[in-house]
Amino acid sequence: MTSTSDEAVASLSAFDLLAGIPEEELALLARTMRNRQLRAGQAIWRQGDDAEELAFVVAGRVSISLQLPGDATVEVSSVGPGEVMGEMGVIDGGRRLVSATAVEPTTVMVLGRADYTALVSRRHPTAFAIKRRIARIGCARLRGQYTALAESLGGGPPPEAAADVELEFRGPPDSRYVRRLASFRAFDSLALWGFLTAGRYALCPPGRTLAAEGTASPACYLTINGAVEKVIVRGGRRIRVGLAGPGLPFGYESMIDGGPSPVTAITRERTLVLALPTAAFERLFDGEQPESHVFLDVIHRDLTGSLRQALRPHARLAVSL
């Protein structure tokens with residue numbers, strides 16, 4: 001390798017996202033990336049731009065901000081050396097919901113969306129490792145947004161509640177119905193079957209609490225039909241931060257990072273869910289089989305959608321403060 005490529009590999013090896021990846025793979029990755037030198041105040045991307053790249057901050061610091069009605073802005077986080085940003089946008093290819101601006105002279109290495117997709121689409125240990133780490137990064141970001149929303153309601157602890165662990169288990173649904181769900185149309189039948197047979201199915205009445213904020217979720221769930229509301233409650237105030245409809249997972253945050261559930265999940269109507277207890281979740285999340293590839297994609301897409309949803313009430317609440 002040339003000294004320039006040696007430097008690029010050394011820079012990439014410092015990122016937790018890429019920890020343990022062989023040097024030769026980092027060298028190949030570095031060839032697909034480009035360096036950007038940014039002055040203080042220079043935008044890397046702006047809210048509303050197409051999400052076309054993932055950025056690795058090598059030096060400097062970047063402010064992540066949200067534009068509010070009336071041209072006001074609020075900083076929602078900052079990113080420094082060794083951290084990545086823009087990972088959720090490259091998953092779904094939507095528009096940026098936040099702006100990223102250098103607050104001091106900053107160096108970033110940029111990976112285009114097509115190259116990122118090619119990297120994580122392989123059935124290779126490196127691809128699985130990166131997808132798991134992306135899920136952990138997204139989970140941490142989502143917790144941060146939910147914490148900000150909870151504080152906007154007045155702070156304090158969530159109301160005492162407990163998840164219902166006595167579920168009415170039943171047989172699996174018709175596979176033809178599941179195949180028609182948008183979340184699963186792109187997956188091959190064998191991988192999808194491996195995923196859908198990893199847990200047990202439960203039919204829940206309206207108003208059933210499946211995950212309670214502040215306590216560990218007893219399982220990761222996937223809604224098969226019906227709907228589950230995800231809410232944050234403080235005192236008499238409540239924000240709905242998401243709705244897990246057919247094909248969407250919930251309750252996975254505890255499984256990913258071992259923390260308590262950041263939201264309360266309550267069935268809105270009669271709902272059929274696939275329940276994946278800890279052991280089943282770990283087999284899918286940590287495995288390298290076709291069904292693990294399907295499962296990680298489902299988690300990634302939901303993290304992206306949940307982050308986008310969480311920023312909307314954050315913006316409305318920031319305006320009112």
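Every heavy atom of this structure was used, including side-chain atoms; hydrogens, water molecules and symmetry mates were not. Quick caveat, the model's predicted, so the values are computed rather than measured.
Around the CZ atom of Arg123, the shell of radius 6.0 Å holds more than 12 heavy atoms that belong to other residues, nucleotides or ligands. Arg270 CZ: 12 or fewer foreign heavy atoms inside a 6.0 Å radius. Other residues, nucleotides and ligands place more than 12 heavy atoms under 6.0 Å from the CZ atom of Arg96.
Looking only at side-chain heavy atoms (C-beta outward), Glu291 and Leu196 stay at 4.5 Å or farther from each other. Side-chain contact check for Tyr146 versus Ile239: every heavy-atom pair is 4.5 Å or farther apart. Using a 4.5 Å heavy-atom cutoff, the side chains of Ile21 and Phe15 are not in contact. In this structure, the side chains of Phe295 and Cys220 come closer than 4.5 Å at one or more pairs of heavy atoms. Asp50 has its side chain out of reach of Arg113: every pair of non-hydrogen atoms, C-beta onward, lies at least 4.5 Å apart. A heavy-atom distance below 4.5 Å is found between the side chains of Glu53 and Trp45. Here the side chains of Tyr252 and Ile299 are in contact, with some heavy-atom distance below 4.5 Å. The shortest side-chain heavy-atom distance between Arg234 and Glu213 falls under the 4.5 Å cut-off.
A donor-acceptor contact shorter than 3.5 Å is absent between the side chain of Thr271 and the backbone of Cys204. A donor-acceptor contact shorter than 3.5 Å links the side chain of His300 to the backbone of Lys131. Distance alone, capped at 3.5 Å, is enough to place a donor-acceptor pair between the Tyr177 side chain and the Ile224 backbone. A donor-acceptor pair is defined here as one N or O able to donate and one able to accept, closer than 3.5 Å; no such pair exists between the side chain of Ser306 and the backbone of Leu303. Of the possible donor and acceptor atoms, none in the side chain of Thr209 sits under 3.5 Å from a partner among the backbone N and O of Ala211. Side chain of Gln47 to backbone of Gln67: a donor-acceptor contact under 3.5 angstrom is found. Put simply, the side chain of Ser292 gets close to the backbone of Leu284: a donor and an acceptor are under 3.5 Å apart. No side-chain donor-acceptor contact under 3.5 Å links Ser63 to the backbone of Val103. A side-chain donor-acceptor contact under 3.5 Å links Gln42 to the backbone of Arg39. Panel note: side chain Arg36, backbone Ala55; no donor-acceptor pair is recorded below 3.5 Å.
At a threshold of 4.5 Å between side-chain heavy atoms, the hydrophobic network of Ile, Leu, Val, Met, Phe, Trp and Tyr places Leu210 and Val231 in two separate groups. Both Leu276 and Tyr201 are part of a single hydrophobic cluster, where members link through side-chain heavy atoms under 4.5 Å apart. The hydrophobic cluster containing Leu66 also contains Ile44, counting ILVMFWY residues as joined when their side-chain heavy atoms lie under 4.5 angstrom apart, directly or transitively. Leu248 and Val273 fall into different hydrophobic clusters, where Ile, Leu, Val, Met, Phe, Trp and Tyr side chains are chained together by heavy-atom contacts under 4.5 Å.
Closest approach of Thr223 and Gly245 over heavy atoms only: CB-O, 3.2 Å. Taking all atoms of both residues into account, the shortest heavy-atom contact from Ser254 to Ser217 is OG-N, 3.1 Å. Residues Arg136 and Phe285 share a closest heavy-atom pair of NH2-CE2, 3.5 Å. Nearest approach of Leu119 to Ala127, heavy atoms of both residues: O-CB, 3.5 Å. The two residues Gly247 and Val298 come nearest to each other via the heavy atoms O-CG1, 4.3 Å. When all heavy atoms are compared, the tightest approach of Val58 to Pro81 is O-CB, 3.6 Å.
With respect to Arg308 and Asp92, a salt bridge is recorded, a charged nitrogen being found less than 4.0 Å from a carboxylate O. Salt bridge present: Arg143 and Asp257 bring a charged side-chain N and a carboxylate O closer than 4.0 Å. Looking at Glu229 and Arg240, a side-chain N of the basic residue comes within less than 4.0 Å of a carboxylate O on the acidic one, giving a salt bridge.
Checking Ser78 against Arg61 by side-chain atom types alone, a donor-acceptor pair falls below 3.5 Å.
The CD1 atom of Ile134 sits 6.0 Å away from atom CG of Leu54, with the distance rounded to the nearest 0.5 Å. Rounding to the nearest 0.5 angstrom, the gap separating the CD atom in Glu87 from the CZ atom in Arg141 is 4.0 Å. The distance from atom CZ of Arg34 to atom CG of Leu111, rounded to the nearest 0.5 Å, is 10.0 Å. Taken to the nearest 0.5 Å, the CG atom of Leu167 stands 6.0 Å off from the CZ atom of Arg208. For the atom pair Cys139 SG and Met255 CE, the distance stands at 11.5 Å (nearest 0.5 Å). Distance check, rounded to the nearest 0.5 Å: CD of Glu83 to CG of Leu17 gives 11.5 Å.
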Exercise. Before giving the answer on side chain to side chain donor-acceptor pair (under 3.5 Å), spell out for Gln37 and Thr107 the whole-Å C-alpha distance, their side-chain angles and the decisive distance to 0.1 Å.
Key: CA-CA 5 Å; Gln37 303 291 330; Thr107 302; 2.8 Å; yes

Exercise. Start with the C-alpha gap between Val233 and Thr264, add the side-chain angles, then the distance that decides, and say whether side-chain contact (heavy atoms from CB on, under 4.5 Å) holds.
Key: CA-CA 8 Å; Val233 180; Thr264 295; 5.8 Å; no

Practice problem: Using the side-chain contact (heavy atoms from CB on, under 4.5 Å) rule, take Arg133 and Asp16 through it: C-alpha gap first, then chi angles, then the decisive distance, then the call. | Solution: CA-CA 8 Å; Arg133 290 168 188 167; Asp16 288 343; over 6 Å; no

Exercise. Verify side-chain contact (heavy atoms from CB on, under 4.5 Å) between Arg170 and Leu272, making sure each step is shown before the conclusion.
Key: CA-CA 9 Å; Arg170 54 168 295 170; Leu272 179 67; 3.6 Å; yes

Exercise. Kindly indicate, with the supporting measurements, whether the criterion side-chain contact (heavy atoms from CB on, under 4.5 Å) is fulfilled by Phe250 and Asp302.
Key: CA-CA 8 Å; Phe250 61 96; Asp302 190 74; 5.8 Å; no

